[in-house]
There are 2 protein chains.
Amino acid sequence: MLQMDIMQLFKERRLRATPARVSTLDVLLAAGRALSHHEVEDALADKGERLDRVTLYRTLDFLVEESLAHRLSGEDRTWRFSAQGSHTGHAHPHFRCERCGMTRCLSDLKPAMVVGLPEGYVFQQAELTIRGLCPGCT
Amino acid sequence: MLQMDIMQLFKERRLRATPARVSTLDVLLAAGRALSHHEVEDALADKGERLDRVTLYRTLDFLVEESLAHRLSGEDRTWRFSAQGSHTGHAHPHFRCERCGMTRCLSDLKPAMVVGLPEGYVFQQAELTIRGLCPGCT
DNA sequence: TGTCCATTTGCAACATTGTTGCATAAAAAG
DNA sequence: CTTTTTATGCAACAATGTTGCAAATGGACA
């Protein structure tokens, strides 16, 4: 998606299209996988955009708030952010490579799942993380 | 499990049975659910046992290392520790209450799962976290 | 295009969670 | 009870994230 389209997207939603937000969403969309705060920071630096740490945290929060990205908790106790499939709204499983730590959204993967919870528990959502090796690490 | 039995357990495995380790494992076993570092610290304080923060971190690491407990990453970017079902060794799903944050091991729950990964990905392990409301929060 | 105002940004300081190095204390073996 | 190995406590550090506030900026409207 082009930067211009991203600006258009913000405009349509009556959201302020600041450079920080446009660039950050651009990075997330281009990545095609879930990125940590640090990875986003590096990617922005590569594009010549340098944001304050705090601003980036707030920008990512903003994108999640506006459902333009979603947040998933990694194994290393850091948040990961992804712009993939956030338009669909439905929770999808994730894949995490045990070697390189890469996390990818498996948007197209539909696990068939049958669960029965103990008495008194109310089901709301299931989060499935599959761990293994990605193509680059096999 | 009694403290004496826990000491016996350590002795059998030729592990040093220090008060810190015995009390910590005792807390985890009695809890019946996954506890954060802080929750363990509080539980130990209630028992009159006060450990240094660092010692507790190392003790928990030790228990995980010796397969007497296992570690799972919570939604709030903190590790949770549980002594439930660690003897079995097989990964089991977890339940997390969206209201009170309680995490419980669903040792007896066997989800039927069929997944197909994209080309080039190698499956190793699946982690299933079900979110919802626990009996106390409905 | 210029002005105004609510919102965003950057900076500094702080909070939480976890880790490392090292001297001292304690467990277990003989 | 002595010795040896290992665990503990303390201090300092590291990574990740948050809060308060003054200054800068986006966007609406004249």
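The chains referred to below are lettered A, B, ... by the order of the sequence lines, with proteins before strands, and numbering in each begins at 1.
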In sequence, state the C-alpha distance, the side-chain angles, and the governing distance for A/Leu60 and A/His37, and then conclude on side-chain contact (heavy atoms from CB on, under 4.5 Å). CA-CA 8 Å; A/Leu60 291 167; A/His37 171 272; 4.1 Å; yes

Please walk me through it: do A/Asp61 and A/Arg71 pass side-chain contact (heavy atoms from CB on, under 4.5 Å)? CA-CA 9 Å; A/Asp61 285 349; A/Arg71 191 200 306 260; 3.2 Å; yes

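- Considering OG1 of B/Thr18 and CG of B/Leu51, their distance stands at 8.5 Å, rounded to 0.5 Å.
- The interatomic distance linking A/Arg21 (CZ) with D/dG26 (P) rounds to 11 Å, in whole Å.
- At D/dT16, none of the side-chain N or O atoms of A/Thr78 fall inside 4.0 Å of OP1 or OP2 (strictly under the cut-off).
- A/Asp52 has its CG atom 17 Å from the P atom of D/dA23, to the nearest Å.
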What does nucleotides 19-30 of chain C look like as a protein-contact string, B for base, S for sugar-phosphate only, - for none, at under 4.0 angstrom between heavy atoms? BBB----BBS--

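- Rounded to an integer number of Å, the gap from A/Arg13 CZ to D/dG26 P is 21 Å.
- Going from atom CD of B/Glu41 over to atom P of D/dT8 covers 14 Å, rounded to whole Å.
- Atom P of nucleotide C/dG18 and atom CZ of B/Phe62 are separated by 20 Å, given to the nearest angstrom.
- In this entry the distance linking CD of B/Glu65 with C1' of D/dT6 reads 15 Å, nearest Å.
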Check against side-chain contact (heavy atoms from CB on, under 4.5 Å), B/Leu29 and B/Ile6: CA-CA 10 Å; B/Leu29 286 168; B/Ile6 295 177; 4.0 Å; yes

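- Distance CD (A/Glu39) to C1' (D/dG17): 17 Å, rounded to an integer number of Å.
- To the nearest 0.5 Å, the span separating CE on B/Met7 from CG on B/Asp26 amounts to 12.0 Å.
- A side-chain donor-acceptor contact under 3.5 Å links B/Arg13 to the backbone of B/Glu66.
- The CZ atom of B/Phe81 sits 12 Å away from the P atom of C/dT17 (whole-angstrom rounding).
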